[in-house]
Structures are given as C-alpha cells and as structure tokens.
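We use all heavy atoms of the structure for the numbers below, so side chains are in, but hydrogens, waters and symmetry mates are not. These numbers come from a predicted model, not from an experiment. Both counts, for ligands and for their atoms, begin at 1 and track the order of listing.
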Amino acid sequence: MTERASEADDSATWQRARELFGAARRITALTGAGVSTASGIPDFRGPDGVWTRNPQAARLSDIDSYLADEDVRAQAWRARAENPAWHAEPNAAHRAFVDLDASGRLGALLTQNIDELHQRAGLARDRVLELHGTMRRTVCVHCGATGAMTDALQRVAEGERDPDCRSCGGILKSATVFFGQALDADVLREARRASLDCDLFVAAGTSLSVYPAAAFAELAAKAGAKLIICNAEPTPYDEIADAVLRGPLTEVLPALAAAPLIDSAEPLRTWGDPTTWEQL
Ligand code: NAD
C-alpha cells in the first residue's frame with residue numbers, strides 16, 4: 001500500500017480488500033474510463049469528464065442522431081481524429097491486470113473502454129472482452145464491412161467530411177457500441193459466464209451507470225462472489241460491495257495485484273451447469 005492510496009482509504013478497508021484479493025482464485029474484472037484517465041484520456045462522467053464539460057458531446061454517440069444528421073457525423077469524425085487515445089500509453093493500472101493474469105488468477109477482463117490500452121499493456125486479446133467495441137476499427141452500418149479507423153481518418157485529413165463505406169457507400173461509424181445499439185451477443189454471453197464463474201469481481205474506474213455493463217457487478221455478487229469497487233466517486237453498487245476503495249487506480253490496482261496469496265481451505269465456488277445460470 002502506498003501513502004497516497006492509504007490516505008484515500010482507511011487501513012481497515014485496505015486490509016479487507018487485500019485479504020479478499022489474496023484469497024481469490026478466479027478474479028473477473030470490469031474496467032471503465034477511469035482506468036485510462038492517468039494515460040491522458042478523459043472519462044465521460046468524472047469531474048473533468050467529456051460529458052461533464054460538454055453534455056452535447058453525448059449526441060455523437062447516439063445512433064439515431066448519428067444516422068439522421070450529417071453534421072453530427074462530421075463532428076464525430078473530427079472528435080475521433082482528436083481523441084487523445086491515439087497518443088496514449090498504458091499506465092500502472094493497466095499493467096496491474098497483466099500481472100494478475102500472469103499469476104494465473106484473472107478469469108476474464110471485461111472492459112467498457114474502447115481504447116485497447118489493456119491489450120497494449122500486454123494482455124492477450126482473448127483475455128479482454130470489449131463490451132463497447134473498439135475505436136480503432138470502423139464498421140459500415142449497412143453492409144457490416146469493417147476497416148481500420150486510421151484509413152478512415154486519413155480520408156478525413158484529406159478533406160472528406162463524412163467518409164462512406166468503400167464497399168457499398170453506406171454510413172461508416174467507429175466499431176463501438178452507440179447508445180441505442182445492442183451489445184454483441186457473443187461478448188455478452190462470455191461476460192455473463194465470467195461474472196458467474198469467479199470468486200471475486202473487481203469493478204475499477206467505472207461509474208457503474210451504463211447498462212448492461214454495470215449489472216455484471218450485481219450478477220457476480222448475487223451468485224456469491226465477493227465484490228470490490230475501486231472508483232474515486234460513489235457508484236450505485238457501493239452498498240453491496242465487500243470493499244470500496246477511492247484511491248487513484250494507478251496505486252490501488254498494483255497494490256491489490258501484489259497482495260500476498262492466502263491459502264484458502266475453501267475450494268473455488270462455481271455455479272455448475274451454465275444452462276441453469278439464466279435463473280440467477
Ligand atoms: P464514467 O466516465 O462514467 O466513469 C469513470 C469513473 O472513473 C468516474 O466515476 C471517476 O470518478 C472514476 N475515475 C476517473 N479517474 C480515476 C482514477 N484515476 N482513479 C480512480 N477513479 C477514477 O466511465 P464508464 O463507467 O467507463 O462509462 C463511460 C462510457 O464511456 C463507457 O461506455 C466507455 O465505453 C466510454 N468511454 C471510454 C473511454 C476509454 O476507452 N478510455 C473514455 C471515455 C469514455
């Protein structure tokens with residue numbers, strides 16, 4: 001535990017969180033924009049968040065506004081080009097999950113982030129479930145063709161206001177899930193499985209206010225997993241958490257990942273036949 005992390009959270013909370021971490025054998029994590037703020041990418045709803053400062057910016061991620069209005073699309077392309085994520089590097093919070101994975105205890109990492117910094121930190125692509133997709137690819141809303149975002153942004157830099165799909169002429173968007181769009185069914189199923197099949201669920205850097213992502217914390221807790229929430233601000237699930245830590249994630253997560261292993265007499269609890277999980 002570092003001095004700054006301990007200042008934000010009392011020592012009893014820290015001890016409890018480290019014990020939970022040390023005793024856990026299969027950890028599922030859910031991360032949000034707060035994991036990447038130390039890399040220079042603002043979150044949406046924190047004090048310096050993109051939407052806190054400019055509530056209109058949310059329209060750029062609304063599928064109906066995007067499809068209906070060419071001006072919204074032109075603004076969205078400019079915002080994509082200027083996204084600080086293009087120049088961002090992973091930070092200690094991202095690396096903590098790589099260390100956890102190397103220790104063999106990371107079941108899966110569910111992320112709401114679209115910046116791919118978890119993968120860039122060294123987590124294998126198949127360990128990361130991108131609930132909201134990736135900003136580094138484009139997809140055509142008509143034919144589904146995908147491409148590199150850098151190619152589309154090159155066309156914007158050359159003067160195109162709203163680059164269309166090269167295959168069918170349809171509207172192109174980033175390969176992220178907009179408000180009003182459904183999450184990928186396979187990713188959702190895997191995320192649900194990983195939430196039920198863990199003995200500790202850690203939610204980090206997320207306001208837990210976007211659904212269905214936020215509901216995985218509750219699902220895991222209902223199924224019997226311990227729940228740790230690491231977030232600077234309160235979340236709707238703090239009350240059901242076994243520990244809530246408010247310190248900076250670049251300190252909190254490495255300290256948790258380094259918590260000494262506790263030999264537990266209890267075997268890992270899982271919940272049997274996945275077909276029965278629908279009832280939870
Ligand atoms: P959010 O903005 O709703 O919440 C982020 C939370 O992180 C806030 O409550 C804030 O207090 C906390 N936080 C920020 N920095 C922190 C730090 N250093 N230490 C501790 N806590 C910190 O983010 P969300 O819950 O992920 O939902 C936002 C949506 O926006 C997601 O759907 C995501 O796809 C998208 N988004 C992604 C990125 C990214 O990829 N980096 C950035 C912005 C938004």
Side-chain angles (χ1 to χ4, degrees), residues 2 4-5 7-9 17 29-55 57-63 76 79-80 82-97 109-121 128-137 149 173-184 187-188 191 202-217 228-238 241 244-256:
T2 67
R4 271 187 64 205
E7 273 168 18
D9 301 298
L30 167 68
T31 64
V35 167
S36 294
T37 52
S39 295
I41 306 172
D43 59 19
F44 279 171
R45 299 179 187 78
D48 287 324
V50 174
W51 295 347
T52 312
R53 293 196 312 193
N54 176 16
R59 280 189 80 213
L60 307 185
S61 305
D62 177 89
I63 193 67
R80 286 170 193 142
E82 289 161 11
N83 194 318
W86 294 112
H87 311 290
E89 295 296 331
N91 63 55
H94 298 107
R95 287 191 288 276
F97 289 109
L109 186 128
L110 286 47
T111 189
Q112 298 167 89
N113 293 347
I114 56 174
D115 55 29
E116 296 193 17
L117 288 187
H118 284 299
Q119 295 91 322
R120 283 172 184 238
V128 183
L129 291 169
E130 291 178 311
L131 298 170
H132 295 164
T134 173
M135 56 169 276
R136 294 178 190 268
R137 306 282 300 164
M149 176 59 80
K173 64 184 276 295
S174 64
T176 55
V177 179
F178 281 28
F179 288 109
Q181 286 194 298
L183 275 67
D184 180 277
V187 173
L188 259 185
V202 180
T206 167
S207 59
L208 292 176
S209 56
V210 177
Y211 289 85
F216 290 122
I228 299 181
I229 294 178
C230 309
N231 200 60
E233 294 172 294
T235 82
Y237 295 100
D238 289 358
V244 178
L245 297 167
R246 299 261 180 251
L249 294 169
T250 47
E251 303 185 13
V252 166
L253 291 173
L256 287 179

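- Take Arg137 and apply the salt bridge (Lys or Arg N to Asp or Glu O under 4.0 Å) test, not counting sequence neighbours, and it matches no residue.
- Nearest heavy atom pair, residue Thr176 against residue Lys173, reads O-NZ, 2.6 Å.
- Applying the salt bridge (Lys or Arg N to Asp or Glu O under 4.0 Å) criterion to Asp62, with sequence neighbours excluded, gives no partner residue.
- In terms of modelled atom types and a separation under 3.5 Å, the side chain of Arg246 and the main chain of Cys230 share no donor-acceptor contact.
- Within 4.0 Å of ligand 1, protein heavy atoms belong to Gly32, Ala33, Gly34, Ser36, Thr37, Ile41, Pro42, Asp43, Phe44, Arg45, Gln112, Asn113, Ile114, Asp115, His132, Gly205, Thr206, Ser207, Val210, Asn231, Ala232, Glu233, Gly247, Pro248, Leu249, listed by chain and number.
- Looking at Leu256, Val202, Ile229 one by one, the single match for side chain to side chain contact (heavy atoms under 4.5 Å, CB included) with Leu245 turns out to be Leu256.
- Arg59 is linked by a salt bridge (Lys or Arg N to Asp or Glu O under 4.0 Å) to Asp69, counting only residues two or more places apart in sequence or in another chain.
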